[in-house]
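Worth saying up front: this structure is predicted, and the values here are computed from it rather than measured. Every chain is numbered from 1 and lettered A, B, ... according to where its sequence line falls, protein lines coming before strand lines.
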Amino acid sequence: MSRISIADLGDLKGGENITISGWAQEIKILKSVTFIILRDSTGVCQVTIKGEPNLIEKASTLTRESVIMITGTFKKDGISKSAPEIACTGLTLLNPAGTPLPLGITDPVEADFETRFNNRILDLRKPKNNIIFRAKSSILWGIRKLMTDEGFVEVQTPKIVSSATEGGAEVFRVKYHEKDAFLNQSPQLYKEMLISAGIPKVFEVGPAFRAEEHNTNRHLNEFTSIDIEMAFSNDDDAMQMLELCVYQGITELMDKMGKELETLGYKIVVPKKPFPRMEYTEGIKILEENNVKFNFGDDFSSEHLKIIGSKMDGFYFITGWPEQVRPFYTMQRDDDQRFTKSFDLQYKELEITSGAQRVHDPNVLIKRLKEKGLNPENFEYYVSAFRYGMPPHAGWGLGLERLTQIALNIHNIREVTLFPRDRTRVTP
RNA sequence: GCCCCGAUAGUGUAGCGGCCUAUCAUACAGGCCUGUCGAGCCUGUGACACGGGUUCAAAUCCCGUUCGGGGCGCCA
């Protein structure tokens with residue numbers, strides 16, 4: 001008589017003695033019968049107590065969300081309309097829950113963001129929230145499987161670093177023994193160095209830190225970045241790999257969890273390949289057609305991307321960005337130095353990936369660093385990797401939370417983060 | 001960093017100068033109830049973020065603080 005999960009009750013014939021454990025979601029005591037709605041990670045079932053004054057006595061002291069173990073007989077033809085039914089023969093309180101709950105799991109009232117994230121573990125017990133993280137895991141698994149099949153090596157690079165990656169974004173400062181250091185904004189420089197180290201296909205899934213004091217539905221101060229870098233490749237190769245990744249991630253999600261997600265109100269749409277591509281200059285044309293003023297060399301704002309995104313269905317690339325808006329390591333086009341061999345992957349107005357073919361000539365790299373107002377001396381550890389045979393290479397960085405947000409159509413990025421770090425929140 | 005908006009029981013809300021000894025739902029405690037399934041019914045406990053000010057009178061108006069929500073910039 002071992003423990004069984006609620007989802008597996010469906011495989012039983014009826015009449016078996018079983019043990020089942022989980023949280024007491026609701027306790028209803030009527031005159032002649034007592035019910036406990038029991039929830040585990042796989043579903044809910046109804047535990048019925050009839051007669052048995054001992055058990056009723058025990059049940060009457062239970063509080064919602066207490067952890068209990070039930071033994072009983074599975075009833076194939078239970079009377080319950082909503083859940084499989086178990087006739088209770090034993091009830092053990094494993095750990096009581098305090099009362100009242102700061103956040104009811106099944107209460108009809110919605111809680112505010114603040115309340116939800118202050119009591120995140122209770123919030124995550126709600127199936128609709130809980131499944132988000134199985135979905136995120138599933139997407140990531142789809143991508144990991146693809147990358148590994150394609151011969152990529154998963155690596156781990158330092159998160160405590162001595163210089164800011166790109167000069168632009170704000171960085172968190174940390175004390176590192178007697179030195180000052182920073183939390184890495186991106187594995188960019190390290191994954192490029194690994195190309196020179198003879199690992200021609202690398203990928204990393206890890207945290208990235210940005211100290212910007214943003215307050216939006218799509219920014220976190222700590223997020224998960226999926227980064228890849230591939231040798232002897234150009235921007236087009238990187239884009240094809242990216243397309244495949246997004247496709248495989250969402251396909252995996254759809255195959256493994258599509259039905260389950262649907263019952264909780266999520267609709268998964270697997271994107272069609274190839275994703276449409278649009279030049280930066282075509283974007284400008286769209287804006288001009290909509291009577292929006294735009295200066296060549298500027299980045300598109302959210303408002304601009306809303307207009308451009310409304311013309312596109314789902315995922316699309318914006319390519320050919322001007323060099324002013326791209327980092328120093330981005331390669332310029334041979335035929336026109338004003339433009340770069342770079343791309344963003346967009347979904348409507350949301351940017352989920354930024355990538356490019358990179359500069360591989362160390363002299364060009366130093367020139368570009370200076371042009372961007374950065375001191376090449378601070379990047380010597382990086383540039384030196386380019387002096388002794390650096391292959392041409394390309395890659396990108398993809399925001400896992402943003403991809404999950406899109407796949408599940410969730411408005412706020414904090415919802416797809418277990419314990420989000422935003423402008424003010426450092427706990428839990 | 002900038003611009004809006006907000007803060008009332010555990011949770012979510014109503015009230016927007018005197019009728020507030022503050023509404024309702026839910027939760028919580030107790031009771032009733034032939035099997036509930038958003039169960040139902042009865043009783044009870046429980047709140048105006050903080051500090052100043054205006055006024056005969058402040059939950060309500062003004063200022064500040066703290067915290068939160070949305071948007072912008074920036075980006076993944």
OP1 or OP2 of [N] under 4.0 Å from side-chain N/O of [X]:
X	N	result
Ser225(A)	rA76(B)	no
Arg414(A)	rG70(B)	yes
Asn119(A)	rU11(B)	no
Arg64(A)	rC28(B)	yes

(request) Please measure how far the P atom in rC2(B) lies from the corresponding atom in rG64(B), and state the result in whole Å. (result)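 To the nearest whole Å, 14 Å.
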(request) Can you tell me, in whole Å, how much space there is between the C1' of rC74(B) and that of rC16(B)? (result)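 Pairwise C1' distance, rC74(B) against rC16(B), rounds to 39 Å.
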(message) If I take atom CZ in residue Arg120(A) and atom P in nucleotide rU11(B), what distance separates them, rounded to the nearest angstrom?
(response)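 Going from CZ in Arg120(A) over to P in rU11(B) covers 18 Å.
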(request) Looking only at side-chain atoms of Pro100(A), point me to the closest of rC75(B), rG10(B), rG35(B). (result)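 Output: rG10(B).
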(request) When you get a sec, tell me which of rG71(B), rC75(B), rG73(B) is the closest nucleotide to the side chain of Asp299(A)? (result)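 Among the listed nucleotides, the one closest to the side chain of Asp299(A) is rC75(B).
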Could one point to a donor on the side chain of [X] or the base of [N] with an acceptor on the other under 3.5 Å away?
X	N	answer
Lys50(A)	rG35(B)	yes
His219(A)	rC74(B)	yes
Ser80(A)	rC37(B)	yes
Gln46(A)	rU36(B)	yes

Answer with base, sugar-phosphate or nothing: what part of the nucleic acid does [X] contact at a heavy-atom distance below 4.0 Å?
X	answer
Leu220(A)	base
Thr224(A)	nothing
Glu213(A)	base
Gly104(A)	nothing

(request) Check the angle between the aromatic planes of Tyr382(A) and Phe379(A) and answer parallel, tilted or perpendicular using the 30° and 60° thresholds. (result)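 Perpendicular, since the angle between the ring planes exceeds 60°.
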(message) Please compare Ser60(A) and Lys31(A) by the position of their nearest nucleotide in RNA chain B and report the one closer to 5'.
(response)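 Looking at the nearest nucleotide for each, Ser60(A) comes out on the 5' side.
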(request) On RNA chain B, check which nucleotide each of Leu398(A) and Glu303(A) is closest to and give me the residue with the more 5' one. (result)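 Looking at the nearest nucleotide for each, Glu303(A) comes out on the 5' side.
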(message) Only pairs with both distances under 3.5 Å count, Watson-Crick or wobble alike; so what is the partner of rG6(B) in this structure?
(response)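 Base-paired to rC67(B).
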(message) What's the separation between atom CZ in Arg125(A) and atom CZ in Arg120(A), rounded to the nearest 0.5 Å?
(response)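 Those atoms lie 13.5 Å apart.
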(request) Sequence neighbours left out, what passes salt bridge (Lys or Arg N to Asp or Glu O under 4.0 Å) with Asp77(A)? Give chain and number order. (result)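 Checked Asp77(A) against salt bridge (Lys or Arg N to Asp or Glu O under 4.0 Å); zero matches.
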